[in-house]
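One structure is given below, encoded as structure tokens.
Proteins get letters first, then strands, A, B, ... in listed order; numbering begins at 1 in each.
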Amino acid sequence: MRNLDMDLLRSLVALADHGTLKGAAERVGRTQAALSLQMRKLESQAGEALFRKDSRKLVLTEGGDVLLSYARRILALNDDAVQALTRSRVSGDVKFGSSQDFGESWMPTVLAQFRKAHPEVGVEIRVDGGTKLVNAVDAGEIDLALALGLGERANAICIGHLPLVWIAHRDFGWNKREPLPLALFTSPCRFRTKAIAELDAAGVRWNIGLTSPSLYGVWAAVNAGLGVTVRTPEGLLPELEVVDRKFGLPNLGSVDVSLYLAKGARSPAVMNLVELLRERLAQRIVELDARTPNGVIARRPGRFGVVVGRKRAPAIAA
DNA sequence: TCATTCATGACGAACGTCCC
DNA sequence: GGGACGTTCGTCATGAATGA
């Protein structure tokens, strides 16, 4: 009886989900060439062709579809088993703070996964601005915070980078003879400062259409077509789009995504959550990369994506 | 023509096995 | 135990095919 390699099945699922070797390779932390070799090995193990070429992409054959269905179940069972083995060993409480950018998007799913894996761990959640959360970490009010664009600090673990992009409603039109209306956070805000500086440097006239102290207010204004805002693509509503290229707006570069740990907060419960966040964010960045209109993330030069080593994504040092 | 994607060859690192 | 060797699997560089 032949055995199917679990790593190869994981790559198969990534390839089926992503549609291209290149994208799938980034997701699993390998090169495109390595993934190509893996899929050939999997075909050898399966004893039949799993893919056929459709122009420049690879699509599953009938056999590939059958194996994919089994692969998802095998991997789910594997992950359940791993979770079951670690479940009983971790207990305690975690006070966790998340930036508003993540609070409503993928964070609920991640926390549900953590809860399922560690039902004995009590989790207290706080959603707020990044600066406030990091201050709370420093004051020992919370154990851990996930925040954007606050740079390197002694207690920070940088787990990736996201591009800063211009975002507007799909129907939003801008007459370039008029100032660009902006919907931004109330000052002080790093993204706001950066956006205004870049517009000024590029000679683009602008005015403040709306300011809000909360992300919900900013999204609501942009969704209503009141102006353009500056965020990462995380939490992008379906009606909104990245308009860097559409309006020829200046490149805003990228922001770091970091976890901030309170002094003495490295309990097993906290470090398990750190590891889960690191892993899920890596996947999330790749998803955002694939979904961002116009390929803004993939095409723009600079530091994006997950922080990985030359060969494999390393574990974050505890 | 250029950008994107996949395939392939060359090479190197890690690991297992064998033999002394 | 440790060195030699073979195997496996990774990266990098490059070419071919394809689409805009």
Side-chain angles (χ1 to χ4, degrees), chain A residues 1-68 70-71 74-75 78-79 82 158-163 165-166 170 233 236 241-254 275 278-279 281-317:
Chain A
M1 181 69 76
R2 293 183 299 242
N3 284 323
L4 297 169
D5 187 317
M6 197 78 78
D7 284 339
L8 304 188
L9 294 179
R10 219 172 273 283
S11 295
L12 170 69
V13 170
L15 179 53
D17 288 347
H18 211 282
T20 67
L21 277 176
K22 183 174 180 289
E26 286 174 9
R27 175 163 161 186
V28 299
R30 298 272 191 282
T31 61
Q32 169 265 320
L35 209 74
S36 176
L37 292 172
Q38 282 191 335
M39 291 305 97
R40 231 182 311 160
K41 186 180 174 190
L42 186 60
E43 286 186 324
S44 159
Q45 289 181 0
E48 65 175 286
L50 302 175
F51 301 93
R52 61 178 170 78
K53 286 199 78 168
D54 179 19
S55 69
R56 286 187 301 183
K57 294 201 168 185
L58 290 177
V59 295
L60 287 170
T61 61
E62 201 173 319
D65 261 332
V66 171
L67 183 58
L68 175 65
Y70 279 99
I74 290 168
L75 292 172
N78 173 76
D79 293 350
V82 171
C158 178
I159 54 178
H161 296 85
L162 284 171
V165 293
W166 300 93
R170 290 185 187 285
L236 197 67
E241 64 177 352
V242 175
V243 294
D244 294 45
R245 285 165 176 254
K246 184 176 175 183
F247 294 152
L249 292 169
N251 183 347
L252 295 169
S254 66
E275 197 52 38
R278 187 198 66 81
E279 186 185 308
L281 186 76
Q283 291 175 1
R284 182 64 175 168
I285 287 174
V286 174
E287 285 170 19
L288 287 172
D289 189 3
R291 287 191 346 208
T292 301
N294 307 325
V296 169
I297 301 176
R299 292 164 195 265
R300 190 190 287 175
R303 298 168 66 217
F304 298 115
V306 187
V307 176
V308 294
R310 184 166 172 271
K311 290 194 171 185
R312 293 171 188 250
I316 298 289

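When all heavy atoms are compared, the tightest approach of A:Leu21 to A:Leu35 is O-CD2, 3.6 Å. For A:Val165 against A:Asp244, the heavy-atom pair with the smallest separation is CB-OD1, 3.6 Å.
Rounded to whole Å, the distance from CG on A:Leu35 to P on B:dT8 is 15 Å. Whole-Å rounding puts the A:Arg40 CZ to C:dG10 P distance at 12 Å. Regarding A:Leu8, its CG atom lies at a distance of 13 Å from the C1' atom of C:dG10, rounded to whole Å. The interatomic distance linking A:Met39 (CE) with C:dG10 (P) rounds to 10 Å, in whole Å. A:Lys41 has its NZ atom 3 Å from the P atom of C:dC9, to the nearest Å. Rounded to whole angstrom, the span from the CD atom of A:Gln38 across to the C1' atom of B:dA7 amounts to 15 Å. Atom-to-atom, CG of A:Leu37 to C1' of B:dA7 comes out at 9 Å; the value is rounded to the nearest Å. Atom C1' of nucleotide C:dC9 and atom CD of A:Gln32 are separated by 15 Å, given to the nearest angstrom.
Taking 4.0 angstrom as the limit, A:Thr31 places none of its side-chain polar atoms (N or O) nearer than this to OP1 or OP2 of C:dG10.
Between A:Thr61 and A:Glu43, the closest side-chain pair of non-hydrogen atoms is not below 4.5 Å. Contact annotation: the side chain of A:Met39 never approaches that of A:Leu50 to less than 4.5 Å [non-hydrogen atoms, C-beta and beyond].
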